[in-house]
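Note that this is a predicted model, so its numbers are computed, not measured.
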Amino acid sequence: MNYIPENFKNKMKELLGDELDSFLDCYNESHKAGVRVNTLKLTPQRFKEIAPFEIREVPWIHNGFYYDENSGASKHPYYYAGLYYIQEPSAMTPASLLPVKPGDRVLDLCAAPGGKTTELGARLKGEGVLVCNDISNSRAKALLKNVELFGIRNAVVISEAPAKLARSFDGFFDCILVDAPCSGEGMFRKSHAIIKNWEQYGTGYYAKLQKEILPSAVSMLRPGGYMIYSTCTFSIEEDEGTLKWLLEQYPDMHVVKAADIDDPRFVGFQKGRPELVEGPQEIEEALRLYPHKVGGEGHFVALLRKDGPEGDEGRFAGSGAASLKNKGVSKEALDFLSHIGFDIPEGAIEVREGRLYMMPKDLPSLSGLRVMRSGLLLGEMKKDRFEPSQALACALKADEYDNRIELASGDPAVIKYLKCESIEIPPDTPDGYVLVCCDGFPLGWGKAAGGRLKNKYLPGWRLM
């Protein structure tokens, strides 16, 4: 690395003391690249068996692997099947440490582009609800794509300021992840461009922003719920400093142990440093990740719990969605849905402007919020027909639809399909919508007629 600001080196000297040279030396090495397996679609063990490039395990992430970023992972059909997310290994840590379980109500407050959201959604296993939000509308569009690509059935994607979101979700969530905007010091090795941003804004700008965001997060967390506060910076002001401020402002919030750093899986993880901000001892339970200590970049992670009961007492009871018997559901739509092999709960279907959605249960009103997508888009009703969505194809397992074709990942037809080109199909393929699969994993739809297939892969997702 050619350039590291001197004032950054001085700050790191305060943090690391005699370890500074080792820290700076690691900046002459390449950053670590990783992929995280989508456990909604396959197990980590299965991925190890079929991985199309060389991988090795990330010790502290059960479904994380290192890989060579020149291996073409982002162009492989398995990427388009949503089997993995490309993510820096240390960035996998916050979502892995939030104690999410199926059925929980979970919020990713600063979610785009979706690396942490997709892991939270996978851990919910289709139960409960995942609200993922990003204030940037353009970034929220990328977030929506990743949610749909991963096949998450119970997500709501919103693009709002946290304070406005909090008006609709007061005390609603069991678990909240706040991967806060920060100065990005931990990513200097991965992206040199971040240094220019750091020199322009410094750390104070982001510390102020974090203190504007966190009150809304605390208000949306139910008593007894858990919250992760994380950054990708080493800045004392933004890490222990912001954490100290949060504890002072909200006495019912406490830092709890997120990981046992004596466990061999977490070798190299460091404790938080309360003495640097004259903060309470509990800040020690936070975690610092340094690139010369772990196989990843820089990160700070703190798990907090709000005082209250451990169970579900006081959880919000919403109104639910419209009935499956909603008069707006066409005969064609009902006929198509009869071929879907997963259960659509009674009352989960909602119709809006000719589109059908499968909604998570017990949502509060989303009125007044800028909602990018609520629930799983099943498809769109048009005159005399129903067109299933790309999101539905991604949310299906291959055996959950009865008319499908299988292609091998090495078959040139897979690439042609992903480029929205025509492909040959078996002449006896039944007419109608066909689920196109690669090695048993759905990619998208085609429509068969007379032994020919009209490509219905979503054009905006096409392989370029």
Side-chain angles (χ1 to χ4, degrees), residues 90-101 104-111 116-117 119-120 123 130-133 162-163 165-166 169-182 206-207 209-233 235-261 266 269-289 299-315:
S90 290
M92 300 176 189
T93 309
S96 76
L97 296 178
L98 190 61
V100 171
K101 60 185 184 300
D104 279 347
R105 297 166 176 176
V106 180
L107 169 66
D108 189 354
L109 186 56
C110 309
K116 298 170 179 68
T117 286
E119 172 63 10
L120 297 174
R123 290 173 61 200
L130 172 65
V131 176
C132 35
N133 176 76
L165 196 69
F169 291 100
D170 183 53
F172 181 82
F173 294 103
D174 302 295
C175 294
I176 295 177
L177 194 151
V178 184
D179 188 50
C182 70
Y206 290 100
L209 191 57
Q210 292 152 7
K211 292 169 185 174
E212 292 171 357
I213 291 170
L214 284 167
S216 298
V218 173
S219 73
M220 288 187 278
L221 186 66
R222 71 167 177 86
Y226 289 88
M227 182 174 83
I228 286 279
Y229 171 70
S230 63
T231 72
C232 58
T233 190
S235 162
I236 299 167
E237 182 179 14
E238 299 172 69
D239 293 344
E240 286 89 353
T242 295
L243 191 54
K244 176 189 175 183
W245 174 88
L246 175 66
L247 297 172
E248 290 174 344
Q249 296 296 311
Y250 300 96
D252 58 343
M253 296 291 290
H254 300 283
V255 186
V256 296
K257 180 175 288 190
D260 181 1
I261 63 174
F266 299 100
F269 280 45
Q270 306 292 298
K271 294 180 179 180
R273 302 282 298 279
E275 74 278 5
L276 297 176
V277 293
E278 298 182 357
Q281 198 65 30
E282 63 190 280
I283 289 176
E284 267 196 356
E285 299 293 357
L287 301 168
R288 280 184 165 271
L289 281 67
H299 238 79
F300 177 85
V301 184
L303 176 63
L304 299 104
R305 184 178 181 273
K306 183 185 264 190
D307 287 344
E310 284 285 355
D312 295 337
E313 294 87 344
R315 283 171 55 133

With rounding to the nearest 0.5 Å, note down the distance linking CG in D179 to SG in C232.
6.5 Å

Residues at least two apart in sequence or cross-chain that pass side-chain hydrogen bond (donor to acceptor under 3.5 Å, both in side chains) with E237, listed by chain then number, are T203

Min side-chain heavy-atom separation L177-M227 under 4.5 Å
no

Calculate, to the nearest 0.5 Å, the distance between atoms CD and NZ belonging to E285 and K271 respectively.
7.5 Å

For the residue pair C110 and V178, what are the closest heavy atoms and their distance?
SG-CG1, 4.5 Å

Is any side-chain heavy atom of S235 less than 4.5 Å from a side-chain heavy atom of C182?
no

Do L247 and I283 have side chains that get closer than 4.5 Å, going by heavy atoms?
yes

Between atom CZ of F173 and atom CG of L130, what is the distance when rounded to the nearest 0.5 Å?
8.5 Å

Between H299 and S230, the two heavy atoms sitting closest are CD2-CB, 4.5 Å

Go through the steps for K116 and D108 under the test salt bridge (charged side-chain N to carboxylate O under 4.0 Å, His left out), then give the verdict.
CA-CA 8 Å; K116 298 170 179 68; D108 189 354; over 6 Å; no

Is the backbone N or O of A95 less than 3.5 Å from a side-chain atom of E119, with the two atoms forming a donor-acceptor pair by type?
no

All side-chain hydrogen bond (donor to acceptor under 3.5 Å, both in side chains) counterparts of E284, not counting sequence neighbours:
Q281

So do L304 and I228 actually touch side chain to side chain, heavy atoms under 4.5 Å?
no

Taking only residues two or more places apart in sequence or in another chain, which ones pass side-chain hydrogen bond (donor to acceptor under 3.5 Å, both in side chains) with T233?
S183, E185

Applying side-chain contact (heavy atoms from CB on, under 4.5 Å) to V255 and L303, what does each step give before you reach the verdict?
CA-CA 6 Å; V255 186; L303 176 63; 6.0 Å; no

Is the shortest side-chain heavy-atom distance between L243 and F300 below 4.5 Å?
yes

So do the side chains of L209 and E238 get within less than 4.5 Å of each other, counting heavy atoms only?
no

When rounded to the nearest 0.5 angstrom, what distance separates CG in D307 from OH in Y250?
14.5 Å

Looking at every heavy atom in both A258 and L97, which two are closest together, and how far apart are they?
O-CD2, 3.5 Å

From CG (D174) to NZ (K101), nearest 0.5 Å:
6.0 Å

Which is it for R273 and R288 under the side-chain contact (heavy atoms from CB on, under 4.5 Å) test, yes or no, and what are the steps along the way?
CA-CA 9 Å; R273 302 282 298 279; R288 280 184 165 271; 4.2 Å; yes

Nearest 0.5 Å, what's the CG-NZ distance between L287 and K257?
10.0 Å

D170 (side chain) donor-acceptor with M220 (main chain) under 3.5 angstrom:
no

Would you call Y226 and L221 a side-chain contact if the rule is heavy atoms closer than 4.5 Å?
no

Looking at every non-hydrogen atom in both residues, tell me the closest pair between P94 and S90 and how far apart they are.
CD-O, 3.8 Å

We want to know whether T242 and Q210 form a side-chain donor-acceptor pair, criterion being a heavy-atom distance below 3.5 angstrom.
yes

Listed by chain and number, what are the salt bridge (charged side-chain N to carboxylate O under 4.0 Å, His left out) partners of R123, not counting sequence neighbours?
none

Partners meeting side-chain hydrogen bond (donor to acceptor under 3.5 Å, both in side chains) with D252 (sequence neighbours left out)
none

side-chain contact (heavy atoms from CB on, under 4.5 Å) between V277 and D239: does it pass, once the steps are laid out?
CA-CA 10 Å; V277 293; D239 293 344; over 6 Å; no

Sequence neighbours excluded and cut-off under 3.5 Å, please list the side-chain donor-acceptor pairs for residues 211-219, or say none.
residue: E212; atom: OE2; partner: K208; partner atom: NZ; Å: 2.7
residue: S216; atom: OG; partner: A163; partner atom: N; Å: 3.4
residue: S219; atom: OG; partner: S216; partner atom: O; Å: 2.8

Do NZ/NE/NH1/NH2 and the carboxylate oxygens of K244 and E282 come within less than 4.0 Å?
no

Kindly indicate whether the side chain of L98, heavy atoms from C-beta on, has any atom under 4.5 Å from the side chain of L120.
yes

